[in-house]
Structure formats: structure tokens, C-alpha cells
Amino acid sequence: MMQQITLQHILLLSTALFFIGVFGLLTRRNMIAILMSIELMLNSVNINFVAFNKYLYPEKLDGVFFFLFVITVAAAEAAVAIAIIIHLYRYNKQIDVSETEEMRY
Amino acid sequence: METIVFYGIALFIFITGILAVTARHIFRAAIWLLFALMGIAALYFWMDLNFVAAVQIIIYVGGIVVLIIFSIFLTQQSGQKMAQSSLLQYIFSIAAVVFGTAFIGSIIARFYFVESHVVMNTAVENIGAQLMSVQQYGYALPFELVSILLLAAMIGSIVIAMKQKTKIKNS
Amino acid sequence: MSIKQYIQDVFNAIKSLLKGMRVTGYYFFHPKEIITEQYPDNKATLKLADRFKGEVVMLHDENNEHACTGCTACELACPNGTIKIITQFDITPGGKKKKALNTFVYHLELCTMCNLCVEACPTGAIVMAQNFEHSVYDRKQLTKTLNKPGSKLRAGIE
Amino acid sequence: MISLEAIKNAVQSWLQLHIGGTLALVAESILLGILVITLFAVLGLLLVFMERKVSAVMQIRLGPNRVGPKGWLQTSADTLKLMLKEGLTPDGADRFLFNLAPFMIMIAAMLIMAPIAFAKNFQIWDINIGVLYISSVASISVIAILMAGWSSNNKYSLLGAMRSGAQIISYELSAGVAVITMIILTGSLSVNDIIASQENGWWIFKGHIPAIIAFIIFMIAVTAETNRAPFDLAEAESELTAGFHTEYSGMKFALFFLAEYINIFIVCAVAAILFLGGWMPLHIGNWQAFNHVMDYIPSSIWFFGKTFLLIGLIMWFRWTFPRLRIDQLLNLEWKYLLPISLLNMLLMTIVAILKWYL
Amino acid sequence: MDVTPANTITGVFPGEVHQAPGGTIVTSKLDDIINWARANSLWPLTFATSCCGIEMMATASAKYDFSRFGFEVARASPRQADVIIIAGTIVNKMAPVLKRLYDQMADPKYVIAMGACAISGGPFFYNTYSVVKGADHIIPVDVYVAGCPPRPEALLHALITLQEKIKSGLTREQYITVKNPTE
Amino acid sequence: MTNEALKIALINWNTALVFEEGGEWLNVLVPADQWKPLAKALRTLPEFNCNYLFCLTCVDWKTHLTMVYHLTSLQWQHNLVIKSVLNRDNPEIETVSDIWKAADFLEREVYELFGVNFINHPDLRRLILTDDFNGWPLRKDFEDSVNMIRL
Amino acid sequence: MGTIALLILTIAAIIFSAGGILVSRLFTKGSINTQKGQPYECGIPTTGTPWSQFHVGYYLYAIVFLLFDVELVFMYPWAVVVQKIGFPALIEMIFFIMILFIGFLYAHKKGALKWM
Amino acid sequence: MHEVVGTTPEGDFIINVGPQHPATHGVLHLVITLEGETIKNIEPHLGYIHRSIEKMCESLTYRQFIYVTSRMDYLSAHINNHACALCVEKGLQVEVPLRAQYIRVIMDELTRIASHELWWGAMAMDVGAFTPFFYAFRERETINEIMEETCGARLTMNYMVPGGVMADLHPQFQQKVKNFIALYKKKIDEYNELVTGNIIFQNRMKGVGYLSAEDAISYGCSGPVARASSVACDVRKRYPYDVYGLVQFEEVLETGGDAFARYWVRIQEMQQSVRIIEQLIDNIPEGEFQAKTKAVLKLPKGEFYQRVETARGELGVYIVSEGGTTPYRIKFRSPGFSNLSALNQMAKGGKIGDLVATMGTLDLVIPDIDR
Ligand code: SF4
Ligand code: SF4
Ligand code: SF4
């Protein structure tokens, strides 16, 4: 019989997810792909928030609110990041990190 | 039953997450990311945090992934494969990731959490009440701040996106 | 754009849309406006205009006689070579040789129902029939011989 | 009176009695699966047939009437034929995504079913955030469409997908705001609560003008969201041949086709729940006798009746109006629907706070 | 073979065993159902090159209404269409396009040649340098319907004839299937 | 303007023009190299103001080709036919597509059906026939044994 | 039921679609020719790849949508309680919407919401 | 709007519309260069229905060649035939009996209504409204029935012959036409309610596909397309043929120059056609329906040009005769050809949706353009 799922399991999962994101961040060179990796990492953080909230402090909802705010920030970040990426793309036709070093912003 | 479902979801998230960062086609990577995010939403559902799960789907799946896909359309000859990092970089990354995972994982595994057994009340009323309240633990102010953040993001991205060509030509 | 105009726009738009919906709605609730003719079922009652040009046929009377002299006027009148008339020489009772129709080949697949051949025919041997069900599996079936086997020229037609 | 609820309870108790425990759950699940699949198929066939008949009558013609009795088997024949048709995958396409897209759209359509109350106490999952859940899952289908359009390696598909992407996400907003407008009144996101709150009158009657405006906006927005004419730009025949599913054939195309109709059903069901009281019978004030008679009609009939009425409305739209142009379509949303619906929402808040409804 | 009169062939529900001419091919019940479905759901491709196309539109219109047979779902994309009604003249420049469209249709697919032009070049048989003398030089044709243009009833008759052909398992694809199942 | 008045006006413009009698409209014969200035004048001079080129075609007379331009003035309601004889082996004439935009397509059509080369035409490509078509089909000596069945 | 219901529905959808596609695989066989797999473009061979980049207009919608979507998410909990809390909540929301609306107007003025 | 950076010449989105496409009304092939959804350039490719009618006619006699012309612009088959018949008559210098002239004109106007009906339905279908198509065809079928009774065919009647018409009117013709017209007047209101007034439709049409008067003239546009740009070019008014000189009607002019103006011109033109028919239908004189002509027609040497106003604009027939039984050279100046050449001008800068609306209101019949 498998054991009851505890906070640990969820945290392990989120850790794994976080490092998957890190892996992507390190290996990807395409900026959109990097953005995607970052989203994954943010998600793992979100999982943590929510899980802590649920398992440790269920009386209050702070974790959920943090989740909401993180997600808001993620959305805003994605919007701006993509605007930048597209602008960069139009500026020099490709969006590999290594070749966009001389960004002029 | 619940346990099996959790492991299923976890596996799903894990696999799709890995695929999302390794897929060679960026469009596919986006789709895998989408699945990973949906898996996370499923996890929230599993945790009985329906509201959170729904928000996850709305924002991530319906919003961010769509945006990412749009930007893929815009920036890529998206049928092509992506450029790859060098092998060395791969090896380093894998090593770093494995090490990091092991390290934090072991900490988590050893750490003892005092789990509270109060059942969490995730009814939306509570969230709403707390969101609107200005007392302690109230989030009315952050709520307003959110709108300013969004405003800033919107204006920022539009400013960036609508920059004129002339500027680029000069540079 | 002033607020008033904005609201007016919205209302006018909705009004025009409702007008359109009224028309379709009217037909929806008046099924007797339906004008469909159920073709294969109404075959018995289907009445085509009497001048309808379906295909060229040659008139034969009860004695299996037709009025075609084989003069090829129709062949010449036909703009696209639909008609091929193969003639033969008959020996008349008087002993004279006379041109007569052997086969009246009619390519239905080419015919444009333009009526010029019928107009051109001096003896009224051919007319337009109202048959329109010309569907076949094989295009060769559309080439027809109009004079019936064994048919003769009606007496007294030059 | 036989109602779906009674059947459900009977089946449930029978299963508990004879199999018991976990197995009963499994059996129930399987039953549920079969049920939704059947529902899908039947709904699809029915709606397509309905559409063809409705359009036919509006267009002063008869519509399918020769296949099977009165043409009722027409859509079955179509489905069967589509099933028996070759499923092409274009050479240049991204095979994996191309084949995944129909699945996605089906899954999205299927998942939305969960919180819909088909009758009194008859619902797959009484989730406490019902309507929010619906609007969230509905957004998955955008991805499926984008996927289909992109992976087809066809220009029409891509254009169609881009169009419908922009269109669906835009209209999601005003649909969402319209939903929120009603939620202000109900004070709950749960489908059951929403329906229960309309016991003594449907919101469209009780909610004054804001409710009616919200209703109109909701109907317009969902029509657009389901890519129906006059918002069918994604598959605008005269412009993009068949839009994002240009390259799909056979069963895969049928799935898109089916999903479209299921989505229509679902959005109409949501509208029925939000505005017309779901399975709530029509009650008029204090007419006890009348209300009693209405109560006798099974709740499922109420629900399906209302839903089909709304579907009829959407079909009526489709067969009456010309298609909008893409920029007009987006203008309509961003310039008219969204501001109006936001304003309407605030209006509704005032109505709600002052308790003017009731 | 002969064309069966139209009025005997409507609304046949699967279950009968059709005897094909010659008696060599006996379709099974399953085949019958398949053919029934295919015959009753012929979605045409919107392909009209000239005048006959107008009569095709007239056939779709309220008075003749080919939707009664379930044909009204005209698809613009060949992937989803079952039958291509060649309504009009095919000229040399159009020929490869027609071929391509036909090729791109998903199987099973059927072809109706409507009007004199599609059958043989019709009015443009002689003295023109650009007209294809019959669409069957380009793609195989299942049913020919003569006329210039054939009136809508004639097109309906052709569609019914095609249905009949499908039901009796005589179209090209079915023929091949039965004859040599391994192919 | 009546035909007579037109004729006089044209003669005033250039005495070298040749007029063909008969026909309901005034027929003017112009050498190919004179055509462009004449066209310009017809379009711009207010007394002609032939703003509407309603027909442009070519006739193969076996020995030579004749370009035929039908012009009308929507203002004065007069019609004018301009003809220009071209060498059959190397037919060339100045384009008028910059004067009447209608000529753009019409000249392309004449180009591929008769093989007339329009000098300075912006986009002289095949419009109607397939790109690999051989010959000028509307010339009298055109024979296509493959596709053409003579009655 | 919760997650399990979702699971069942998902599986049902997959079975439904896969079943259909499987049946069609079993019963049909397509003819093969070289043109079949090429993209359909009204019967003319395509020029260039469709996977070329698009115009800026498409994604600005997505951005504005995303930010509004976030706003919506905050509105849901608000809507649930607004009746109970009353006017303070309304005022908060009015502020919230106003601020976002400024952004919206800005986007509008900049012409971001123009389809190109 | 601001310029876009992301497109290189190779990066342009080139899309083929047609030859098989529901919006091209036949087999027009447009190569469209897109930028986003904005049209940068349109290049029409013709010839997908080029049947070499002009070449064919060179080997057909003067009686025979008329029938081919009804396949050209098959929606105004009568009017095409009329043009050819008139041209031949001009060469032969025969006087057409008045009765025949009346019949011809009535038939022309009926054809015009039928053609505009079809255009109306098809155009509504292009902009996405399906139902008008069926309503339009209802009226069109009525006309077709009337036509069929007299001419014996529904579409390609071949009713005109040099010197008159092929057969006399059907006895019930007048009554039926009158019935039809009485009914038809009501239906036009319905059309306006369903389509013209519709806000979506108006938005789709107004300001779309603008063509200035100068461009219209320069491109040689004619018919409703030119008249919508306020170019008075109605041949029926300017060069009346047959009994058009006797009837009262207005030449419909609009100044908008956009798709809606073209739409509106056609709708009003239908009403004018009704008016013409009303004036003529009761006054058809008795007499011959065909002038006496020789069995074999021979035109004198010379050139003959005849123009008529078809539903699409000015159709010209240019016959060069060498004195034989067949034309030496024949040229059809088709209205669609010139109208099409203005398409690029009209649709450039618009959206794909605009293109469809523009194409719809141009009312192209491709075989008429390709011949
Ligand atoms: S049918 Fe008439 S015209 Fe023709 S050959 Fe016979 S008699 Fe002569
Ligand atoms: S009807 Fe016309 S095409 Fe047909 S045979 Fe007679 S003349 Fe020839
Ligand atoms: S057969 Fe006749 S009506 Fe049909 S396309 Fe050919 S010429 Fe036109």
C-alpha cells in the first residue's frame, strides 16, 4: 500500500520541476524557450506556496494570495518579455541569446 | 486511489516538463509546456484547490501559452528546429540540475513539517472576503497594486512593441 | 465620438439586426413558404415547359416512319458537329437513285440544345424532346442513333 | 415521475448494494464514461441535424428528408461516412501536433461537461467554482485550434488559426465579465447555487436591465467564442476556404465539427444556467396552480428545452447575418462589448447591493 | 449497364444484398452499411468553372434543394469533400488544377461530369485550341449527365444515379477493393 | 463632336493622319511610331478628351497586323477608332497603359493572343494562356494539331 | 469525485476520438499519389512556407487580453462577495477597473488594437 | 499605420486564392501578397476558363456564332445574344420588327433582374450570409420559369436570331411577367431589410474597395461598377438600341465609389428594370417576331461594332467581315475584363475580408473575362 501523500511529496515534485526549469534555462538559447523555462520555475514556486498554505496553515489563505500575485507578475512579465523578444527579433532577425548580447536598451 | 492519481499527475508533470525544455521544435515545446501547466492545474484540483486550479488554467493555458504561441508565430520560422547549446553546456547543466535536485530534495525529505489537519476552506467567498478586506491579512491594497502593475505591464509592452522602425534603422 | 452617438450606434445596430432576424424568423414560422419541389418523387406531376429543350429526337409515326430525307441541312446548321448524317442511295420505285437517310447519329454529349437544327430542318423531322434524365455511367451511351431500326421515310416527303 | 435524478440514485444504490466499495466506484466511472460518450454522439448528431433543418426552413426549403424516416438518419450517415473516409495527414505537416489537435479539442469539450447540471441533482461534478471552471477549460480549445492551424502547413489554416486565436481570447473577456455580472447576484460560483438562487424567478427577469444586457453580451460573446457565424472568421468559407481545418479530413475533421457543436451546446447550457435558471421550472409570482403544473415537467426537460431554445437563437443568428470582418470583429469586442459589459457589471453591482432584484 | 429509374432507388436502408451485374460481386451486409453511408452523404466540392455551375447553384437553391439528399454540405476544401461535380468547361490551363484537386481529395471520392463541356468539350469541341475534350481525360468520371446546361433535376438525377452506383458497389474504388483486396 | 468636326480637329493637330471612310465612326490610320503622341493628345487635349478606352484589339490580316483602338469621350460623346498597321513578323507598338490604365490588361491579352510586343509595357506577361503555350493563337495561321479539331 | 471525474472525462474523450480514428484507419485505404500530401491552396502549388512570421498586430491582442484576463481572475472572488460587503467593494473595484481602463485607452490610442 | 519591419521580400506572405475558391465565382486565380491580413498586392491570373471563343467564332456562321456567346456571360446570356444579333443586323441592315424589339428588351431586362438576383445572393454568401442566396434564387427561379416557357431553356437560351427572335412569346408570358413584377416589388423591400439595412453588412461594405471616378474611367470600367463611381456610362441611355429609346428609366448613379455604392446601384437598377418592363409589357405590338432574312447570312465587307449594356456593363461586339458567311475576326469587349483590371486598385490596402466584398460587388463572371 502506498503511503498517504504528504507535503514532502509535493515539495519534491516542485523541486524537480524547478530544476527542470533551471535545466531549460541553462541549455536553451532561444529566448522564448528560456521564457518558457522561467514559467516552469515560477510554477514550481507556486506549487510550493499553495502546498504550504494547504498543509501547514490552512486557516488562512495567504498562500493562495501569493499564488495569485505570482501569477499576476508572471503574466505581466510574460507580456513585457514577449514584447521585448518580438522587438528584438524585428531588430536583428533572430532571438538567440548568444547573439543578442549587444542589446541597446 | 488518491495516491495513485497523485503519482499519475506527478509523473505527467515531470515528463511533460522535461519534454518542454528538451523538445527541439519550439512549437512542440510550447505544447509540452501547456501540458505541464495543465498537469499542475490537475495537481491543484487534486489538492482540492479548485479556484487556484481554475486560475492556473485561465492565466497560464488560456493566456500565457497563447501569448507564447503567438510570439512563436511572430518570431520564428517556427517550422525549424532550434539551435542547440554545446554538449559541454549540456553536461554542466545536467550535473548542476542533478546536484541541485538531490541537495534540495534531501533537505526536504529530511525536514519534518508539522502538517495541520484543519481542512482548508478554499471557498471563493473566503478568498473574496480576504481580498477585499483592509484589516490584517486583508489584501485590498495589493489588489489595487495589481492593477497598477498590470497597467504598467500593458503600457510597457505596447511601448516596446510599437517602437518605430526608424529608430531601428538608425542604430 | 460622443457618448450619445455611441449609444445611438449601439441601438441602431441592434435594431437593424433585429429587422434582419424578423425576416428569417418570418420564414421560419411560415413553413408554407417552402417552395421545394421534391424531384424524384414528383416525377408524375412534374410539368416542364412545353418548349423545354431536352434533347433532339426524330419523330416516328405508328408505321415506324419518319420524315427525314437525309438532306443534311441540320448537320450544316449545327454549330458544333453534334449531328452526323450517314446517307445511302436508295433506288426509288421509279428506278431512280435517291439519297436517303441511313443513320442519324446524334451526339448528345456534344449537343447544346440550341434548336438550330430543328429550325433548319425543312421537313420537321426532328424536334426537341423534354427528356432530361441523361445520366449515364459511360459516355459512349450518349451517342445515339435517332432513326429507329427499320424505319422508313414517310411517303410524300421530299 | 421519472427523472434523471431517480435513475441515477437507483443505479448508484444498486451498484453499492451488489458490488460495493471501490468496485462500485469503478463501475460508476465506466458508466459515466459511456454515458458522456453517448451524450456526445447523440448531441452531435442531433445538433447537426437541427442546424440543417432550421437553416432549411429559414431558407424556404425542406432540408434533409430522404435518409431514414424524415431524414433523421442523415447525420448518422454523415458521421459514418466521415468515419469511413481516409484521414489524410499532409506531408509537410507536423504529424504529431496535427493528430493531437482533434484530441485536444475533444478533451476540452468533454471536460467542460463536468459541472453542468443536466437536471435536478444530476451533474457529473458539483465543483464549487462551476462557472469559473467552465470559462477556464473553454480556453483550452484556443490552443487546439492554434495547434491545428499551425501544424497543417497550410496558409489558409494558419491565417484561420491566427484569426480565431485572437477572436476567441478577445471574446473570452466579455463573456467572462457577463458571467461575473451574474455572479454578483448569485454570490456563488457553483452551478447548483446559481440555479438554486433562481427558484423564484429567473435572473433574466429578476435582474432588471443589467441582466438583459449581460445576457445579450454573453450570447454575442459565446457565439464568437464558438466560431459561429456571424463570427465564423476562422473558417470563413469565402475567404479562407475552410479555415484552420482545411487540411483535416475524415474522422479528424468530424471531431472538429462535433466539438463545435458540443461547444455550442455547452455555452448555451451555461447561458441557460446563468440567465434562465438551468433546470428550474418557470415560476410566475404567486400563481400557485401554474407553478405547480410547471413543477410537474421533469427538470431535465426544462434544462434541455432552455438550452435548445438558446441554440436555436444562435442558429438564427447564423442564418441571418453576414460575417464580420476581422478588424470589425475585434473592434466590436474592444470598443463596444468590453466597455459596455464592464459598465454593466458596475451597474449590476449597484443593483445587487441595493437589493433591487427580488 | 443500365441506369435504374430514379424513383426506385431512394431511401434504401441497408440490409438487402445487392446483386451486381454479372453476379460476380455480392456485397456483404457490412459493405452495404458502408455504402449506404457513403451514398447518402455525398458532400460536393465547390467546384464550378462556368455556366453549369449556375445550374449547380440552382440545384442547391430552395426550389430543387439537394439538401434533401444530404448533399448540401458543400465543402470548399477537397479534403472534406466526397464528390467533385465538374460543372463547366475544363480548359488546358485548368486541367492540372482539377487533377490536383482530385488528387488531394480523401478517398473514397467520386466524380460527376456535368454538362456537355465536362463530358466532351461540348460546344467547344471543335475549333478551339484550349478546351479539354472531356474531363475524363484528366480524372476518372463516375457519372455523366448531358445537357447544356443540364437542368437542376437532371443534376439531381445524376446524383441519384451516383448513389445507386455506390450502393451497388460499382464505383472505381469499390471495384478495386473487391477485385483485389490486397491492393 | 461629330465625325466631321473630329476629323477637322485631328487634321489640325497633325495633317499626316489618314482617314478611312465608311463605318459609323471615324477611323484614323496612324503609323505605329506616331501612335503614342497621338494617344497623348487624344487623352489630354480638351477638344478630344478621349478618356475612355473601351476596346483594344488586333486583327490579323495575314499580311500584316492591325491594332484597333476604340476610344470614346464621356464628355463629348464622340467615338473614335484608331488603327495602326504593324509588321507581322516583328509587331511592335508603344504601350498606352500609362495613358489609359485599361490598356494594361488589354495589351497583355493582345500580346499573348497575337504576339504584339508593347514597348515599355510595365508587366508584359502571359495573362490567359499557360506559360508554356506555343504560338499566337488568334493569328490566322495558328494551327494546333493536338488540341484543335477542325470541323 | 473531483479529479477522478476529470480523469474519466479525459479518458472518455480520448477513447471517443481514438475509437473514431481507429475505425477509419481500419476501414479505409487511401490512394497514393504525389500531390495528395501537398498543402491545399485552391489547386495551385504553394509558394513559400506558411510558417513565416506574422504581423505585430496579432500578438498585441494577446498581451492586452492576458492582462485583462488577470483582472478577471481577481474579479471572480470579488463578485462573489460584493453583495455582502457592499459599497466599499464596489469602490475598490471601480478604482481597479479605472486604472486598467487607462491602460486600455492607452492601447487604444496607440492603435495597438487594430487588426493588421 | 507604422511600417512593419519583419517582412523581407521573401518573407511576404503570398497566398493563392482560386481557381477553385468559393469567393472567386468561378475560376479566377488571384495571387495575393499579404502583410498580416492587409493586402499589399493582387495579381489576377486569368485563363482558367479561356475557351477561345473568339477563335471559334471565326469558323461559325453568323447564325451559329450567337449561341456561343450565351456561354460567355451566361448570366446575361440574352443580352449577349442581343448584342451579337444587333451587330449582325447592323451589317445586314435589316429592320427588326417592332414586336421583336419589344420582346428583346423585355427579355433583356428580365435577364438583368435574374443576373442581379444571382449576384445579390452570391455576394451575400461571400460576406457570410447564407439565407439571402435562397431568397434570391426563389425570384430567379420564377424568372427562369418564365424564360423557359418562351425560350425553352433556363440559362443558355439562344433565343435571339439575326432579324428578331426565334419563336413568338408564350401565350401566358405577359400575365406571368406581370404577376412576377407585382410580387417582386414587395420582395425588394425584404431584401433591404435583410441585407441592405443590416449594420454588419453596411460596415462590411461602406468605404471598402474604393474606386474614384477618374480611375473608373481610366480602367475602362463600365456598368454598375462605373456608375457607382458616378460615371454615367449606361449604353441604354447613351446609345439606345432597339426600343430603349422609347422607355423612361433613370440611369442610376451613386457617388460613393465603394462596395456599398455598387451594391446600391444594382439594387436600384433592378427597380429600374422593373420599371422598363412595366412600360413595355402591356404594349407589345402585334406583328412579326422575326424579319425575313436569307437562309445563309453574308455580311458585307467592313467592320461593325455594337455595344449593349449587360448586367455587368458595356459589352461590345466587334465584327470584322470579309464578306463571307463567317466573321473574319470577332472581338468581344467584355465588361468584366476591364472591371477586373481595376481590382488591384480597389482592394490594395484592404483586408482579405474586404477583398471578398469587393469581388462580390464587382460581380465578375469569369468566362466572360476569359472568353
Ligand atoms: S432531319 Fe431534317 S434537316 Fe436533318 S437531314 Fe433529316 S430532313 Fe434534313
Ligand atoms: S440542338 Fe443545336 S447543338 Fe444540338 S444538334 Fe441541334 S443544332 Fe446541334
Ligand atoms: S455544358 Fe453548356 S452550360 Fe455547361 S458549362 Fe458547358 S457551355 Fe456552359
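In the text below, chain A, chain B and the rest are named by the order of the sequence lines, each starting its count at 1.
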Measure across E:A37 and D:A77 and return the closest heavy-atom pair with its distance rounded to 0.1 Å. CB-O, 3.7 Å
Interchain contact, E:A81 with chain D, by part (heavy-atom threshold 4.5 Å): backbone
Using non-hydrogen atoms and a 4.5 Å limit, figure out which bit of D:Q59 sits close to chain E: side chain, backbone, both or neither. backbone
What residues form a ring-ring contact (aromatic ring centres under 6.0 Å, His included) with D:F103, not counting sequence neighbours? none
Quick test of your reading: applying ring-ring contact (aromatic ring centres under 6.0 Å, His included), list the pairs with at least one residue in residues 45-74 of chain D, sequence neighbours left out, ordered by first then second residue. D:F49-D:W72
In this structure, OG of E:S61 is separated from CD1 of D:I60 (nearest 0.5 Å) by 8.5 Å
Below 30° counts as parallel, above 60° as perpendicular, anything between as tilted: where do the rings of E:W43 and D:F253 land? perpendicular
Counting N and O atoms only, with roles assigned by atom type, does the side chain of E:D65 sit under 3.5 Å from a partner on the main chain of D:L62, one being a donor and the other an acceptor? yes
Nearest 0.5 Å, what's the CD-NZ distance between E:Q80 and D:K252? 12.0 Å
With D:K81, which of E:D82, E:N40, E:L42 fulfils side-chain contact (heavy atoms from CB on, under 4.5 Å)? E:D82
Polar contact flag, side-chain donor to acceptor under 3.5 angstrom, D:R52-E:S67: no
